[in-house]
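Take a look at the structure below.
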Amino acid sequence: MSWRPSAGIRNWLVQRLSAIYITLFLIVFGFKAIGVWGGEPVSYEVWRAWVSHPVTNIALILFIFALLLHAWVGIRDVIMDYVKSVPLRYIMLISFGLSFISMALWTLRTLLLVTPI
Amino acid sequence: MSLTENRPVFLNLFRIRQPVSAVVSILHRISGILMVLALPGLIYLLQTSLSSPEGFSQVVALLDGQIARLFAVLMIWMLAHHLFAGIRFLILDFDVGLTKSVSSKTAWFVHVCAAVVAAIAAWALLFSGASL
């Protein structure tokens, strides 16, 4: 007997936990953005200072990771439900998987390189 | 054999009247796929907005356009629908609201809440002149 949860349970859990983080992030940062900026036009300096702040920066990176994990479980379910041809299914899973990994690295690179002016 | 082979199959999805919970389910999937497809574009906007003052003003100008506003309202509607439907699925996972009558009421509630959010977004972005 393995102590590890089965793949199905693990995906179910990843899907729900990432959904909760995405929702909390959108609520907290959405309201903060409205409260801090209050509909005023945001300058480049303010935007960059905000994104480069350690708390925001790490929360944003975690957000993108949660988003991509959530998207991966979701798109995987959809592909496995509707794409009957096995070769096509694998081609699509590999394409989406690689593009999600690329997007994770792309965002990580973008966000980690941001410094306050 | 011929009896089973010649059975009429009625699977024209456009002519079957779907229960409202099925509509919530399929919209959850469609909105999820469309938001995934929008991701590279959004990451590109994030990168450009942080790259230089020029890049930032390009992104601001782009987001200020009518097409981007329309696009943003659609995205907000999809996100709201996906979120409310997701919360409904999470509650269903805990065996709450599984009966037919309750489940179709909560399904309607998802549609209505998402439509209200979309209407507020449309009002704010398309008619009141607020910028993104």
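Protein chains get the first letters and strands the later ones, always in sequence-line order, with residue 1 at the start of each. Predicted model, so just to flag it, every value in this text is computed and none were measured.
Each of A:V55 and A:L60 belongs to its own hydrophobic cluster when Ile, Leu, Val, Met, Phe, Trp and Tyr are linked at side-chain heavy-atom distances under 4.5 angstrom.
The residue among A:I64, A:V78, A:I20, A:L67 with the most heavy atom pairs within less than 4.5 Å of chain B is A:V78. Per-residue heavy-atom pair counts under 4.5 Å with chain A were compared for B:G32, B:S51, B:G55, B:S49, and the maximum is reached by B:S49.
B:L50 touches chain A through backbone and side chain together, each having a heavy atom under 4.5 Å away. For chain A, the nearby part of B:L90 is the side chain; its heavy atoms alone come within less than 4.5 Å. At a 4.5 Å heavy-atom cutoff, the contact between A:L68 and chain B is made by side-chain atoms alone. Residue contact with chain A, scored on non-hydrogen atoms closer than 4.5 Å, involves the backbone and the side chain of B:L39 alike.
Residues B:Q18 and B:I26 have side chains not in contact (no heavy-atom distance under 4.5 Å, counting atoms from C-beta outward). The shortest side-chain heavy-atom distance between B:P53 and A:E45 does not fall under the 4.5 Å cut-off. Between B:L34 and B:L74, every side-chain heavy-atom pair lies at or beyond the 4.5 Å cut-off.
For A:T56 (side chain) and A:S52 (main-chain N/O), no donor-acceptor pair under 3.5 Å exists by modelled atom type. Proximity of a side-chain donor or acceptor of B:T48 to a complementary backbone N or O of B:Y44 within less than 3.5 Å is detected. The closest donor-acceptor contact from the side chain of B:H82 to the backbone of B:S31 lies at 3.5 Å or more, if one exists at all. Between the side chain of A:R89 and the backbone N or O of A:V83 there is at least one donor-acceptor pair closer than 3.5 Å. The main-chain N or O of A:V73 is never found under 3.5 Å from a side-chain atom of A:N11 such that the two would form a donor-acceptor pair.
Taking 4.5 Å as the heavy-atom cut-off, the residues of residues 92-109 of chain A that approach chain B are A:F96, A:F100, A:M103, A:W106, A:T107, ordered by number. Within residues 102-118 of chain B, no residue has a heavy atom under 4.5 Å from a heavy atom of chain A.
A distance of 6.0 Å separates CG of A:L112 from CG of A:N57, quoted to the nearest 0.5 Å.
Using a 4.0 Å cut-off between charged nitrogen and carboxylate oxygen, A:D81 and B:R29 count as a salt-bridge pair.
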Apply side-chain contact (heavy atoms from CB on, under 4.5 Å) to the pair A:R16 and B:D93, showing each step before the final yes or no.
CA-CA 10 Å; A:R16 269 75 185 164; B:D93 280 343; 2.7 Å; yes
